[in-house]
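Have a look at the structure below, then the notes.
For the single chain, residues carry numbers from 1 onward in sequence order.
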Amino acid sequence: MEGYLSKEGGFVHSWKRRYFKLDRSYWMYLENSSATQPIRALPLSTITGVEFATKPGHDHVFAVKTSALGGRTFFLAAETPEEMNRWVLALCESLQLPFPLAEGETRARPPPLNPMSEPGGGEVNPFFDDTVSERGSMMQASAEAPPSYQESILSAGHQQLLANRGQPDASRAGGGER
């Protein structure tokens with residue numbers, strides 16, 4: 001997966017638009033889509049978590065926690081909630097992590113992009129029905145909870161990802177910055 005995201009700087013905390021790439025071994029970002037050398041490339045093994053986040057003045061923010069660079073957390077903002085969900089889902093799938101929940105949300109984990117990546121060939125795992133408390137710990141959720149706004153976005157976005165698998169990404173047509 002690849003595309004543009006806004007990234008908060010680690011020292012100055014200003015936001016810059018960068019081109020991100022996720023492959024089987026690395027998560028990296030570059031100055032732009034035509035750059036040949038990454039600004040930073042992190043082995044996937046150094047990523048310890050992915051979660052939704054909030055930052056004043058920015059929408060569709062998520063955090064990528066790492067064990068590299070002194071345990072740095074990267075804060076990233078996508079242009080749309082669907083794009084944010086695609087990135088979070090792709091990172092979680094690559095790292096075999098459960099899809100995170102926004103604080104107070106309740107829902108089942110979405111089906112994997114690759115059904116063979118799930119034990120049992122894509123069966124729903126009941127251990128992924130969970131709620132995030134104020135402290136961020138995982139607790140068993142009630143099956144009767146109504147769907148949340150974030151869940152409805154994820155469901156639609158995930159269905160679109162599955163429907164468009166193998167087709168060119170229209171958002172990257174032209175290859176330039178948007």
Distance-minimising heavy-atom pair for [X] and [Y]:
{"X": "Met1", "Y": "Ala90", "value": "SD-CB, 3.6 Å"}
{"X": "Leu5", "Y": "Glu83", "value": "CD2-OE2, 4.3 Å"}
{"X": "Trp87", "Y": "Lys21", "value": "CH2-N, 4.3 Å"}
{"X": "Leu42", "Y": "Ala68", "value": "CD2-CB, 3.9 Å"}

Hey, could you give me the [atom1]/[atom2] distance between [X] and [Y], rounded to the nearest 0.5 Å?
{"X": "Arg18", "Y": "Ser33", "atom1": "CZ", "atom2": "OG", "result": "12.5 Å"}
{"X": "Leu91", "Y": "Phe99", "atom1": "CG", "atom2": "CZ", "result": "10.0 Å"}
{"X": "Leu44", "Y": "Thr46", "atom1": "CG", "atom2": "OG1", "result": "7.5 Å"}
{"X": "Met28", "Y": "Ile39", "atom1": "CE", "atom2": "CD1", "result": "12.0 Å"}
{"X": "Leu76", "Y": "Tyr4", "atom1": "CG", "atom2": "OH", "result": "15.0 Å"}
{"X": "Tyr19", "Y": "Glu2", "atom1": "OH", "atom2": "CD", "result": "3.0 Å"}

Distance-only check: which donor-acceptor pairs under 3.5 Å involve side-chain atoms of residues 47-65, not counting sequence neighbours?
residue: Thr48; atom: OG1; partner: Lys65; partner atom: O; Å: 3.3
residue: Lys55; atom: NZ; partner: Glu8; partner atom: OE1; Å: 3.2
residue: His58; atom: NE2; partner: Trp15; partner atom: NE1; Å: 3.1

| said: Check for me, please, whether Tyr29 and Leu95 land in the same ILVMFWY cluster - side-chain distances under 4.5 Å, paths through other members count. | reply: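 Yes; Leu95 is reachable from Tyr29 via cluster members.
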Would you say Phe75 ends up clustered with Leu89 if hydrophobic residues are merged whenever their side chains have heavy atoms under 4.5 Å apart, either directly or through other cluster members?
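Unlinked, Leu89 and Phe75 end up in two clusters.
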Open item on the list: Could you tell me if the side chain of Tyr26 sits less than 4.5 Å from the side chain of Pro43, heavy atoms only?
Closed with: yes
Fill in: Of all pairs that satisfy salt bridge (Lys or Arg N to Asp or Glu O under 4.0 Å), the ones with a partner from residues 34-48, not counting sequence neighbours
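Residue pairs with at least one partner in residues 34-48: there are none.
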Exercise. Which of parallel (below 30°), tilted (30 to 60°) and perpendicular (above 60°) describes Phe74 and Trp27?
Worked result: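 Rings of Phe74 and Trp27: perpendicular, as their planes differ by over 60°.
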